2 protein chains.
Amino acid sequence: MKGINMIQLAKELGLSVSTVSKALGDSHEISSSTKKRVMELAKKYNYKPNPFASNLRKKKGKQIAVIIPDIVNNFFALAVDGIESVTMAKHYDTFIYLTHENLEREKSVLEHLENGLISGLIISVCTGREGYGHFQQFYESARLPMVFFDRVPDLLQFPKVISNNYESTFESTERLIKAGSKRPLFIQTEEPLYTLMERRRGFQDALVANGISFTDESLITCTENMEDNYLLLKKLFSSRKRPDGIFAPIEKFAITVYQVCRDLKLNIPKDLKVIGMTNLRTAALLNPSLSTLSQPAFDMGREAATLLLKMIEKKSYAAANDIIVLANELTIRDSV
Amino acid sequence: MKGINMIQLAKELGLSVSTVSKALGDSHEISSSTKKRVMELAKKYNYKPNPFASNLRKKKGKQIAVIIPDIVNNFFALAVDGIESVTMAKHYDTFIYLTHENLEREKSVLEHLENGLISGLIISVCTGREGYGHFQQFYESARLPMVFFDRVPDLLQFPKVISNNYESTFESTERLIKAGSKRPLFIQTEEPLYTLMERRRGFQDALVANGISFTDESLITCTENMEDNYLLLKKLFSSRKRPDGIFAPIEKFAITVYQVCRDLKLNIPKDLKVIGMTNLRTAALLNPSLSTLSQPAFDMGREAATLLLKMIEKKSYAAANDIIVLANELTIRDSV
DNA sequence: AATTTTTGCTATAACGTTTTCGTAAAACGT
DNA sequence: ACGTTTTACGAAAACGTTATAGCAAAAATT
């Protein structure tokens, strides 16, 4: 007994389809008595309007897409949780697409979504600052509301939800220095990314503000290949000029630092003070407990979704230039 | 310049819409020369068929739904990753719905999906073994392919992807015992769940097989409230009859055990040997490194999705009774 | 009482596809 | 040459909604 449709409802009620449609839409054109009749029969038969028919006719639906680099990462998982909490409440359906830091994949997802399946987009871009053109292009042709969060394309005018990366990294770095670090190190990625550049800027300014010179040795570049990173850091940490403090602006880098220290038997925090930017729930249980700068991931997701739905419903998809900034949270534990 | 449609394509080509439709569908009714003409113009205009129109007409689409209790959990995140890897490859779109262990939410998602938005479902149920009726009911009325993974409704006949919970828990428990544990403890949940019952059965049988009697004290019941659990475990661990080994069949319980031990200054593994069922990437970095029984989460997701798409495409949604069993992996570290 | 306005409903045309059926023309068989 | 099949396309009817326009009857206004 597959779902009933409006036509059958109308027939049984002795009404026209249009009346039924309007009644279900709670239109003022319909008397409250017939409305009630319709609603009741609809409930009795568990009638559900066919979203394809309805979306086709209305030329829009209640589906949105989330494009993120990764889901196996507490930050993004929390963000999705936040997003879902609002789409769920507002009866939107949420598609999820993972790019795995692959620009081509990001492009192809976007291209796919030009078919009109969705009414809005929440995005966190993958690394690499070259490729923002596809977003602009997508917007030109699809004209859909888009909200970026955390990893945002700084060069594009879109609504964004970010956290205070510069300030909080500045503060974190100062804590490293005040705890005694003379040679702090910042781990940067191969591919540039606005979010990370802000963190780096905070790091750099904190050094300078505290009388430490910022040199080539204040930075190391890690890649997507975790084994390479492990070896790279191992080599650096074994050298005579090894750093005595680390700010890891990405979760997995912090983990690698711990692995290397464990294997080299370096003492954290004595030999090396560590602050990692992460939302790991187990940070406090690591050996030693990891000092973290954590992002309000859930809230960022929630804010992004709230903003997006507002744009969708108000049809104000003019590239609103709202930027919502939330605060990161620094938690100092034994690793500093 | 919003997307072009078939009608405009047909007009420009001097063909009928049906011909264009068939050409794009690579129908044998159309000559290869016109096919080429059509394809080329379609590509030129970046034509994308409207999925709503197409789904409406065909009465099915390329969208599936994933219903899971939680995404902020490495197991489920990995599983979603696995699912997405295959839906992506096969050009399906993936909806995500989080139940947060809330049965009502689970029911309402299911009810919502009776509107026909999707062509198939991948589910991991929330705790509580009473409420499987809604799945059966959904299937009766929607007749959609459904695949369950990990947390499966044992009482229902549906295709399932699980891991060898009984055997691997048996083995894990034996390791605890062989490492010297005389009084192993199993943490169970308030709400029963087949998956967990299997693990408990493995635990119990391992005790018996190794000459340890299985009593009320071999079990403790934790809830969804982590603070309560913390206090409960703290009390137990402070008592004289405290256990000297723990099998935590859920990630968050293992974390709580660590928290309690840290705060009570209990030495792991000397005072308490711990094995946790988890997919935490940081297990090796905990203090001390946590011995884990981990599930092949990504693979489970991948298998579930592969099976589902097969069912969708073969239209064999007869409640196939396939059960795919993958192997968990035991990694003994310092906590034992 | 004659008029305008409002109320409550219906008929019908979209929305953009896919599918079924029909049919000329071309190809084939005898 | 004639009938039959195949090829390549088009016309039109779905799919299940929603939106627009129209229209009686009832209510309100003059």
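Naming: A, B, ... by sequence-line order, numbering from 1 per chain. Only a predicted model underlies this, so the values are computations on that prediction, with no experimental measurement involved.
- Taking atom CG on Leu24(B) and atom P on dC9(D), their separation rounds to 13 Å, with Å as the unit.
- Proximity of Tyr47(B) to the phosphate of dG16(C): no side-chain N or O atom is located under 4.0 Å from OP1 or OP2.
- Taking only side-chain nitrogens and oxygens, Lys59(B) comes nearer than 4.0 Å to OP1 or OP2 of dG16(D).
- Note on ring orientation: taking the six-membered ring where Trp is involved, the planes of Tyr139(B) and Phe158(B) are perpendicular (angle over 60°, cut-offs 30° and 60°).
- Under the Watson-Crick or G-U wobble criterion, with both distances below 3.5 Å, dT30(C) is paired with dA1(D).
- In terms of phosphate contacts, Ser16(A) brings a side-chain nitrogen or oxygen within less than 4.0 Å of OP1 or OP2 of dT10(C).
- For Lys48(A) and dG16(D), a side-chain-to-base donor-acceptor distance below 3.5 Å is absent, hydrogens and geometry of angles not being considered.
- The distance from atom CD of Glu29(A) to atom P of dA11(C) is 15 Å, rounded to the nearest whole Å.
- Ring geometry for Phe135(B) against Phe148(B) counts as perpendicular: the plane angle is over 60°, on a 0 to 90° scale with 30° as the lower cut.
- In terms of polar N and O atoms assigned as donor or acceptor, the side chain of Lys22(A) never comes within less than 3.5 Å of the base of dT7(C) in a complementary pairing.
- Relative ring orientation between Phe75(B) and Phe149(B) is described as tilted, the plane-to-plane angle lying within the 30° to 60° band.
- Comparing Lys58(B) and Thr34(A) against DNA chain C, the residue whose closest nucleotide sits nearer the 5' end is Thr34(A).
- Between the side chain of Arg57(A) and the base of dT18(D), a donor-acceptor pair under 3.5 Å is found.
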Which is it for Gln8(A) and Tyr47(A) under the side chain to side chain donor-acceptor pair (under 3.5 Å) test, yes or no, and what are the steps along the way?
-> CA-CA 10 Å; Gln8(A) 302 168 52; Tyr47(A) 166 76; over 6 Å; no
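- At the phosphate of dT17(D), neither OP1 nor OP2 sits under 4.0 Å from any side-chain N or O atom of Asn50(A).
- Checked against dT17(C), dC9(D), dC9(C), the side chain of Thr19(A) finds its nearest nucleotide in dC9(C).
- Positionally, the nearest nucleotide of DNA chain C for Leu56(B) lies more toward the 5' end than for the other of Leu56(B) and Ser18(B).
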